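Below: one structure, written as structure tokens.
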Amino acid sequence: MIKVLRFTAAPLAAAALAAFVPQATAQDATGPGISLELGVAGKVTSRYFGSSNLVLSPVPLIRLKRLELPNGFTIGGGSDEGFSLSPSIDVIGKRSAADSPELAGLNTIDTAVELGVAAKYQMGNFRVMGAVRQGFGGHTGVRAELGADLILKPDEQWTVYGGPRLNFGNSKFTNTYFGVTAAEASTLYPATTTSGGLYSAGLEAGVRFQVDSNWAIEAEAGWSRLTGDAASSPIAVQGSRDQYSASLGVVRRFDIGF
């Protein structure tokens, strides 16, 4: 079953910013300034980690492509080849029995915002990437991702990519989403403590169509399988160890000089 979540402030803010920033864009993306992509996507994901239900929600797309300061310090820009760093941001939605009655007796977990850094190395038609983020709000753990892609470019407009994905979390993260405290314990959800480490592994594939120099349309689909303590958690046993995602979005590039 796919349920639809209401629009939240973050994607609306991204859309509003996209509406006003074009007046400040620059045709030449060289010299001191910032280049970024802003957009919004509709994304279908598991309602919570270990859930067998899917939910459709809007998500903002915010990507730093280039930052050049007046003193010459530069992040990104130029060719996609080689090594690059960028900010990494993710949001994990609220988990509650009010939205998911099968979780009756388990504590509500508030929305979590994760902030960190991502790294990528690309050589020809192959790239490897990773990210590490600190959680705030619903969880205060650390989550990390590793992946690799084979990249195909049939022409200048189309890019197709796909490859394996590994997801890691420390014990604070895994106990928040897969653990069950003694106070929460019941017949369906016995008390459970989890260890940190690899909690899921899977595959992801995507396609990007570059409409013109500014606009692009993107689509992605992914599958992952919970592993280790996460797979043994009663939350996954009552739900599903298989987790799916799919998204379709549009982004616009902005080049703003300082």
Side-chain angles (χ1 to χ4, degrees), residues 37 41-52 54-55 59 61 63-64 76 79-93 112 114-135 139 141-154 158-171 173-174 177-178 194-209 216-233 235-237 239-249 251:
E37 288 184 341
K43 189 170 186 177
V44 176
T45 58
S46 299
R47 178 173 280 280
Y48 53 85
F49 293 110
S51 175
S52 59
L54 300 175
V55 60
V59 295
L61 302 175
R63 303 181 191 127
L64 175 67
S79 170
D80 287 334
E81 295 283 310
F83 179 79
S84 63
L85 289 172
S86 63
S88 181
I89 304 172
D90 201 5
V91 177
I92 301 175
E114 297 179 340
L115 303 176
V117 63
K120 179 188 73 173
Y121 180 79
Q122 182 168 327
M123 182 174 61
N125 293 331
F126 181 75
R127 69 184 171 203
V128 292
M129 57 276 189
V132 60
R133 297 184 295 271
Q134 171 67 53
H139 84 84
V142 176
R143 189 157 65 119
E145 303 161 357
L146 286 175
D149 279 334
L150 176 65
I151 307 167
L152 301 176
K153 292 182 69 70
W158 289 95
T159 302
V160 181
Y161 58 89
R165 300 290 188 269
L166 301 175
N167 297 292
F168 303 85
N170 67 1
S171 58
F173 172 84
T174 58
Y177 293 101
F178 300 105
T194 62
S195 300
L198 178 70
Y199 70 85
S200 74
L203 298 169
E204 186 173 280
V207 59
R208 176 177 170 121
F209 178 70
I217 299 171
E218 301 177 339
E220 287 186 341
W223 161 84
S224 65
R225 177 82 172 177
L226 296 177
T227 64
D229 287 352
S232 302
S233 166
I235 296 170
V237 171
S240 175
R241 294 183 176 93
D242 292 302
Q243 307 285 280
Y244 301 94
S245 65
S247 67
L248 177 64
V251 294

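The structure displayed is predicted, hence computed values, not measured ones. All residue numbers refer to positions in the sequence shown, counting from 1. Quick note: numbers below take in every heavy atom, side chains included, and nothing from hydrogens, waters or symmetry partners.
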[X]: partners by side chain to side chain contact (heavy atoms under 4.5 Å, CB included), with sequence neighbours left out:
X	result
L248	I217, A219
S245	K43, T45
A221	none
A205	none

Derivation and outcome, side-chain contact (heavy atoms from CB on, under 4.5 Å), residues Y199 and F49: CA-CA 10 Å; Y199 70 85; F49 293 110; 4.2 Å; yes
Ring pair (Phe, Tyr, Trp, His ring centres under 6.0 Å) involving F209 - partner list, sequence neighbours excluded: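 If we apply the ring pair (Phe, Tyr, Trp, His ring centres under 6.0 Å) test to F209, skipping adjacent residues, the hits are W158.
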Heavy atoms only: give me the nearest [X]-[Y] pair and the separation to one decimal.
X	Y	answer
G130	L146	CA-CD2, 4.1 Å
L226	A230	CD1-O, 4.2 Å
S51	Q243	O-NE2, 3.2 Å
V237	A231	CG2-O, 4.1 Å
L198	T227	O-OG1, 3.2 Å
Y244	L54	O-CD2, 4.2 Å

Contacts of type side-chain hydrogen bond (donor to acceptor under 3.5 Å, both in side chains), residue S233, not counting sequence neighbours: none
Those residues that, when tested against T194, pass side-chain hydrogen bond (donor to acceptor under 3.5 Å, both in side chains) (two or more places apart): T174, N175
Identify, with sequence neighbours excluded, every residue that meets salt bridge (Lys or Arg N to Asp or Glu O under 4.0 Å) alongside [X].
X	answer
D149	R127, R165
R241	none
R208	E37, E218

Summary of side-chain hydrogen bond (donor to acceptor under 3.5 Å, both in side chains) pairs that have at least one residue in residues 83-92, sequence neighbours excluded: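 Residue pairs with at least one partner in residues 83-92: S88-R133, D90-R143.
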